> 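Pasting a structure here, questions to come.
Hydrogens, waters and symmetry mates play no part in the numbers below; they use all other heavy atoms, side chains included. Note that the structure is predicted; figures quoted are calculated from it, not measured.
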Amino acid sequence: MSNGGAGPALAPGAPVASGGRPWVARALESRPLGVNPGLLAALVLLFVGLSVFSPYFFSSTNLLNIGRAMAIVGIASVGETIVIISGGFDLSVGSVMAAAGMLAAWLLEMGIPLPIAFVAAIVLGIAVGLLNGAIVGYARINPLITTLATLSIVRGLSFVLSGGQEIVVDNKTWVDFGTDTLLFVPYIVIVLLATFLVAGLAMPRTPFGRYAYAIGSNTRAARLAGVAVNRWRLAFYVTSGALAALAGLVAVSRIGYAQPSANAGIELEVITAVILGGASLSGGRGTILGTLVGLALIGVINNGLTLMGVPAYWQLVVKGSILLAAVVYDELRHATQEDT
């Protein structure tokens with residue numbers, strides 16, 4: 001396929017050709033393994049700085065807490081990465097997380113076995129993904145508007161299901177999963193790493209991943225090449241919905257109860273991790289490994305702000321500023337590509 005198609009996107013870590021402003025291009029696009037070296041440097045510096053600032057930061061207990069907190073955002077961010085690479089956007093992940101947790105908890109109250117309750121929750125996520133993908137792909141509605149609408153619909157259904165009340169989970173297996181460890185590694189962190197590993201291997205090596213890059217780079221060229229664009233978009237949104245539902249089940253396992261208002265605003269952290277990791281809002285660029293590094297940076301920042309006693313509302317200011325900086329960086333990188 002020509003450069004107007006999926007060609008460049010199939011090698012997201014490749015350097016940009018020289019010309020125009022080569023030093024800027026090299027600074028913005030030199031990404032071994034698809035990860036921005038500057039992002040890695042920021043993560044290391046922040047890690048060292050917080051270790052000096054607080055002796056508690058580098059303790060095993062605190063590091064495990066960071067990992068557990070990252071698991072909830074991280075599992076959802078894998079699906080968001082895939083959707084954004086394909087040129088889409090999914091704002092409904094937080095609502096799907098809450099609804100999946102509520103549904104599973106409600107089914108347990110009704111006497112339904114835990115495995116069936118979990119399957120039902122994942123099916124809910126798949127159904128929302130199908131709805132998002134069908135509206136975006138076949139109805140040609142902007143993904144921002146589509147998923148903003150489903151965000152509201154699914155959140156509202158969570159309140160309807162529960163009557164606005166939280167549901168305490170008394171199933172020991174589910175609750176213990178959020179706190180227990182295997183060889184000192186929390187179970188939910190193992191799930192997080194497994195999710196990243198599977199997606200990281202699949203994206204560059206399977207049609208699922210290659211078509212995501214191709215569609216995100218140039219939808220028209222992908223269609224002309226015979227790619228079933230709308231059907232693949234369904235697959236990408238379904239993946240995002242299913243992973244958001246899984247993240248919702250993990251979130252409930254950490255706190256021991258389901259809330260219809262849970263995970264409100266978590267979309268901010270999910271999207272920030274993805275964009276920080278190098279995914280482009282215009283589609284066609286990004287890596288799963290990059291998202292993992294972006295996620296780690298967000299996790300360390302969140303933990304550091306808490307250790308420093310920063311009020312919750314100021315933490316929102318910081319997170320929003322980081323997202324804005326990431327978007328500005330993405331636009332600068334895109335403009336630099338065009339100049340070269």
> Scan Thr291, Leu281, Ile82, Ile85 and name whichever one has a side-chain contact (heavy atoms from CB on, under 4.5 Å) with Val274.
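Result: among Thr291, Leu281, Ile82, Ile85, Thr291 is the only option passing the side-chain contact (heavy atoms from CB on, under 4.5 Å) with Val274.
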> Should Leu192 and Ile188 be marked as a side-chain contact (heavy atoms from CB on, under 4.5 Å) after you check the CA-CA gap, both sets of side-chain angles, and the distance that decides it?
CA-CA 6 Å; Leu192 170 70; Ile188 60 176; over 6 Å; no
> For residues Leu114 and Asn171, report the shortest heavy-atom separation together with the two atoms involved.
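Shortest heavy-atom contact: CD2-OD1, 3.6 Å.
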> What side-chain donor-acceptor pairs closer than 3.5 Å can you find for residues 39-55, not counting sequence neighbours?
unit_1 : atom_1 : unit_2 : atom_2 : d
Ser51  : OG     : Phe47  : O      : 2.7
Ser54  : OG     : Tyr56  : N      : 3.3

> With hydrophobic residues grouped by side-chain heavy-atom distances under 4.5 Å, do Ile167 and Leu108 end up in a single group?
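Different clusters.
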> Report, one line per pair, each donor and acceptor closer than 3.5 Å where one atom sits in a side chain of residues 307-315; sequence neighbours left out.
unit_1 : atom_1 : unit_2 : atom_2 : d
Gln315 : NE2    : Val310 : O      : 3.0

> If we ignore angles and hydrogens, is there a donor and acceptor under 3.5 Å between the side chains of Asp90 and Ser240?
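Result is yes, a qualifying pair exists.
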> Please report, to 0.1 Å, the donor-acceptor pairs under 3.5 Å made by any side chain of residues 64-79, with sequence neighbours excluded.
unit_1 : atom_1 : unit_2 : atom_2 : d
Asn65  : ND2    : Thr61  : O      : 3.3
Arg68  : NH2    : Thr179 : O      : 3.0
Ser77  : OG     : Gly74  : O      : 2.7

> Please walk me through it: do Phe118 and Leu246 pass side-chain contact (heavy atoms from CB on, under 4.5 Å)?
CA-CA 8 Å; Phe118 275 16; Leu246 175 61; over 6 Å; no
> If you look at every heavy atom in Ser86 and Phe236, which pair is closest and at what distance?
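Looks like CB-CD1, 3.5 Å.
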> Is it true that Phe89 and Leu323 fall in one hydrophobic cluster, defined by side-chain heavy atoms closer than 4.5 Å?
yes
> Under the criterion side-chain contact (heavy atoms from CB on, under 4.5 Å), I'd like the reasoning laid out for Leu243 against Met97: C-alpha separation, chi angles, the key distance, then a yes or no.
CA-CA 9 Å; Leu243 289 176; Met97 290 168 66; over 6 Å; no
> Filter on side chain to side chain donor-acceptor pair (under 3.5 Å), then keep only pairs touching residues 248-261, sequence neighbours left out; what's left?
Glu166-Gln259
> Write down the atom of Gly284, the atom of Tyr213, and the distance for their closest heavy-atom approach.
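In this case the closest contact between Gly284 and Tyr213 is O-CD2, 3.4 Å.
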> Report yes if the side chains of Met203 and Thr287 come closer than 4.5 Å at any heavy-atom pair, otherwise no.
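No, too far: nothing below the 4.5 Å cut-off.
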> What side chain to side chain donor-acceptor pair (under 3.5 Å) pairs are there with at least one residue in residues 101-115, not counting sequence neighbours?
none
> So which heavy atom on Asn263 is nearest to which on Ala251, and how close?
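Taking Asn263 first and Ala251 second, the nearest heavy atoms are OD1-CB, 4.2 Å.
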> Looking at Arg223, I'd like to know if its CZ atom is crowded, meaning that more than 12 non-hydrogen atoms belonging to other residues, nucleotides or ligands lie closer than 6.0 Å.
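For Arg223, atom CZ is crowded (more than 12 foreign heavy atoms under 6.0 Å).
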> Students often mix this up, so state it plainly: with edges at 30° and 60°, are the rings of Tyr211 and Trp232 parallel, tilted or perpendicular?
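Plane angle over 60°, so perpendicular.
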> What I want to check is whether the side chains of Thr147 and Ser92 have a donor and an acceptor closer together than 3.5 Å.
no
> For Leu249, does its backbone N or O pair with a side-chain atom of Trp174 as donor and acceptor, under 3.5 Å?
yes
> Heavy-atom count around Phe58 CZ within 6.0 Å, excluding the residue itself: above 12?
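Result for CZ/Phe58: open.
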> Looking only at the side chains, is there a donor atom on one of Asn132 and Thr150 sitting less than 3.5 Å from an acceptor on the other?
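Yes, a side-chain donor-acceptor pair sits under 3.5 Å.
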> Looking only at heavy atoms, what is the nearest atom pair of Val154 and Ala99, with distance?
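Heavy-atom minimum between the residues: CG1-CB, 3.5 Å.
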> Please list, chain by chain and in numerical order, all residues satisfying side-chain hydrogen bond (donor to acceptor under 3.5 Å, both in side chains) with Asn303, sequence neighbours excluded.
Asn62
> Check Pro260 against Gln165 and note the closest heavy-atom contact, atom names and distance.
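Closest approach of Pro260 to Gln165, heavy atoms only: CD-O, 3.7 Å.
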> Test side-chain contact (heavy atoms from CB on, under 4.5 Å) on Leu148 and Ser152 and set out the steps.
CA-CA 7 Å; Leu148 186 61; Ser152 179; over 6 Å; no
> Would you call Leu157 and Leu161 a side-chain contact if the rule is heavy atoms closer than 4.5 Å?
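No, side chains not in contact.
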